[in-house]
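Following: one structure in structure tokens, then a few remarks.
Atoms within a ligand are numbered from 1 in the order they appear, just like the ligands themselves. Reckoned from all heavy atoms, side chains included, excluding hydrogens, waters and symmetry mates.
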Amino acid sequence: MEFFEKSLEIDGKIYGNRGALKNNSTTANWDKSCLPDTIQTFDEYKSLYALSINDPNHFWKMAAERLDWYQVPTKIKNTEFDCRSSRGVEIKWYEDGIINVCYNCLDRHIEKDPKAAKEVAIIFEPDTLTEVRHHITYAELLRAVKKFANVLKKHGIKKGDVVTIYMPMVVETCIALLACARIGAIHSVVFGGFSSNSVAERISDCQSIAVITSDFGVRGGKCTPLKSKIDQALTMEQCKTVKTVLVFRRNQGILPLQDDCVEQRNSLQWTDGTDFWVHEELEKVDDNCEPEPMNAEDPLFILYTSGSTGKPKGILHTTGGYLTYASLTFKYTFAYQPGEIYMCTADVGWITGHSYVLYGPLSNRATTVVFEGIPTYPDVSRFWNIIDKHQINIFYTAPTAIRSLMGHDDSFVTRTSRKSLRLLGTVGEPINPEAWRWYYTVVGNSQCSIVDTWWQTETGGFMITPLPNVWPLEPGSATLPFFGIQTQLLSKDTKQPMQPPAEGALCIRDSWPGQARSLYRNHKRFVEVYFEPYPGYYFSGDGCEIKENGYHWITGRVDDVLVISGHNIGTAEVESALVQHHDVAEAAVVGYPDVIKTQGMYCFVTLKDNVAESDALKRELIKTVRDRIGAHVFPDIIHFAPNLPKTRSGKIMRRILRKIVEPDILNLGDTSTLNDPSVVQELIEKSPRTR
Ligand code: 6R9
């Protein structure tokens with residue numbers, strides 16, 4: 001293989017191709033009966049993409065063959081997207097296939113190649129800074145999963161039962177998910193930062209019969225109680241379905257306990273007959289546990305995602321299609337090679353954690369890093385130190401983390417080596433070009449490609465994403481669709497399809513295996529939210545611009561568009577202009593009603609460390625926006641906000657900001673997913689629109 005020595009810009013185009021393959025097409029000797037190992041040239045992408053659209057049954061049959069089935073599916077695609085059809089919206093993939101997800105993530109690697117037993121499946125990096133390396137091999141993980149699966153069985157949990165998992169980001173969480181998958185129980189992970197009310201709401205919606213939790217978690221040096229929040233949730237009438245609570249002891253014995261954690265452990269309440277310590281239960285079971293053969297369309301998990309109004313939505317994913325998709329997207333988008341160390345900073349409480357900390361990497365026999373902590377503890381070098389400590393090759397994080405870290409001096413990055421890095425990735429929000437360039441030049445040393453991956457809880461895996469080094473990157477663009485994904489812009493006004501170049505509502509024309517099948521026990525709402533707005537299409541809720549070259553630029557949620565004096569202005573564009581100013585760390589822009597201009601533009605701006613607020617700076621920011629976008633774009637209000645309301649996965653909740661500036665503060669809507677609800681009150685107090 002011939003490698004480029006260094007990256008770079010070729011004819012002014014950015015590839016960032018450390019480790020890129022040069023002129024080494026594999027299409028020539030590809031026999032078309034199975035998928036190639038990696039995608040290396042644009043021609044190869046184009047021909048495979050064409051095949052995936054023209055003959056999805058053939059393409060997705062080959063993709064499924066990357067997995068091991070008890071019964072290989074013969075029926076591949078059976079889907080209906082049109083809500084007006086007599087069948088109604090229905091999505092089935094591989095419907096006669098029989099498979100087990102856990103088997104595909106663990107057993108099969110060892111059965112096929114005994115060497116895999118000793119390979120590291122998970123590297124655990126605890127919150128506390130330590131030189132110790134916690135490596136869990138595939139054999140160790142498999143044994144732990146089998147034993148815990150037997151604990152589940154001992155407590156009467158069986159195929160089809162729903163189990164809520166409320167855990168910190170530790171190895172035991174991965175064991176819990178895999179054990180559920182092994183016995184066919186449906187997991188519903190609730191992020192460990194949620195309040196007891198939010199957990200209760202999610203337990204009652206899916207009627208789970210058991211909860212898996214931990215005595216506490218530790219993040220950023222602070223002890224966060226978990227078991228006691230479950231206790232509170234279970235006092236509520238709607239949670240009476242829960243019969244068993246299995247409690248892990250956090251990081252048994254491997255780390256000294258801080259004082260607040262000791263206190264937490266000592267003050268635990270215990271309900272006999274319901275609460276069980278996992279370490280005690282593990283002593284009572286053996287380590288033989290055969291995986292449960294599952295139909296491809298049996299549910300694998302439920303994951304709640306916040307709706308803009310009303311109750312959170314219980315997104316339902318099934319077994320065969322989900323794993324096929326998570327596995328293939330992981331392999332191609334990260335161009336994962338055996339032996340590489342991969343780290344995704346997401347919590348398993350989010351879809352990114354499900355698909356790209358756990359199922360995608362493990363089904364590919366990868367080594368995946370599980371990080372318990374936060375990017376700023378004990379200081380803002382944490383990520384870069386971890387990269388050096390574990391020699392990470394592929395690093396995947398969120399724009400919000402990148403923006404918060406680039407607000408500090410570059411020396412926090414440059415004092416680390418990061419030489420092991422081959423590839424960087426982002427997910428979760430549009431990445432503004434400024435943050436992209438910082439990630440590329442400072443973190444990646446201008447040598448690593450960046451994959452900006454657009455996708456959703458509902459899509460199961462990547463939808464629009466670069467394949468590294470296969471085509472040039474443009475900072476801020478997720479570039480082109482993955483195999484099998486047909487994007488289509490529709491006019492928000494006429495609901496008619498639009499031909500690129502254009503900007504409109506981002507829809508998908510046909511099904512892909514990783515897509516959610518329904519909302520748990522609420523198919524009607526599933527159809528209303530995703531299939532009725534643009535009949536015949538899956539509606540993502542996002543806006544997008546597709547340029548002449550076919551590159552996709554996500555403009556944010558469709559409702560994040562302002563209409564000011566007849567001009568449509570994407571808030572993402574204004575935010576991007578604001579953060580290009582050297583004093584700005586983050587910005588969120590929303591509209592408010594204005595009788596003359598229809599809408600006024602309200603900009604919340606978080607300044608970098610040690611930058612003073614001033615009227616002069618406000619004027620400068622307004623000028624920056626007008627210079628960058630055009631004189632018709634005029635920020636009416638600049639509000640310096642040290643903190644913005646964010647979801648726990650780091651997305652700015654513009655919906656709440658809109659309510660603040662409208663102002664309609666009595667109807668803020670569902671705030672249960674907010675990271676820090678006190679931020680809202682601070683903003684209300686300081687806003688000129690509510691004072
Ligand atoms: C995976 C995940 C989905 C929403 C999605 C969009 C935003 C995610 C993005 C992105 C621009 C990207 N989003 N990735 N926007 N560029 N690369 O985040 O799932 O939590 O369900 O959020 O996140 O608005 O619709 P989820």
Taking distance alone, with no angle check, do [X] and ligand 1 share an N/O pair under 3.5 Å?
| X | result |
| --- | --- |
| Ser540 | no |
| Gly428 | yes |
| Arg557 | yes |
| Asp542 | yes |

Measure the distance from [atom] to every protein heavy atom, then report the residue, atom name and distance (to 0.1 Å) of the closest one.
| atom | value |
| --- | --- |
| atom 26 (P) of ligand 1 | Thr457 OG1, 3.5 Å |
| atom 18 (O) of ligand 1 | Lys651 NZ, 2.9 Å |
| atom 3 (C) of ligand 1 | Trp455 O, 3.6 Å |
| atom 11 (C) of ligand 1 | Pro430 N, 3.1 Å |

Within 45° of the six-membered ring axis of Phe81 and under 6.0 Å from that ring's centre, is NZ or CZ of Arg509 located there?
no

Side chains of [X] and [Y]: does their closest heavy-atom pair fall under 4.5 Å?
| X | Y | value |
| --- | --- | --- |
| Ile508 | Gln488 | no |
| Lys492 | Tyr534 | yes |
| Glu429 | Arg403 | yes |

Of Tyr356, Tyr332, Tyr325, the one forming a ring-ring contact (aromatic ring centres under 6.0 Å, His included) with Phe462 is Tyr356

Atoms of ligand 1, numbered as shown, that sit under 4.0 Å from any heavy atom of [X]:
| X | answer |
| --- | --- |
| Asp452 | 12 (C), 16 (N), 17 (N) |
| Ile351 | 1 (C), 19 (O) |
| Thr453 | 9 (C), 12 (C), 14 (N), 17 (N) |
| Thr352 | 1 (C) |
| Val427 | 1 (C) |

Side chain of Thr555, backbone of Gly543: donor and acceptor closer than 3.5 Å?
yes

Under-4.0 Å heavy-atom contact with ligand 1, by part of Glu429 that carries it
backbone

Run the salt-bridge test on Arg525 and Glu532 with the 4.0 Å N-O cut-off and return the result as yes or no.
no

Output yes when Glu372 and Arg219 qualify as a salt bridge under the 4.0 Å nitrogen-oxygen rule, no when they do not.
no

Might you work through the side chain to side chain contact (heavy atoms under 4.5 Å, CB included) test for Tyr538 and Gln515, ending with a clear yes or no?
CA-CA 10 Å; Tyr538 166 82; Gln515 132 170 76; 4.0 Å; yes

Any Trp350 heavy atom less than 4.0 Å from ligand 1
no

So for atom NZ, which belongs to Lys524, do other residues, nucleotides or ligands contribute more than 12 heavy atoms lying within a distance under 6.0 Å?
no

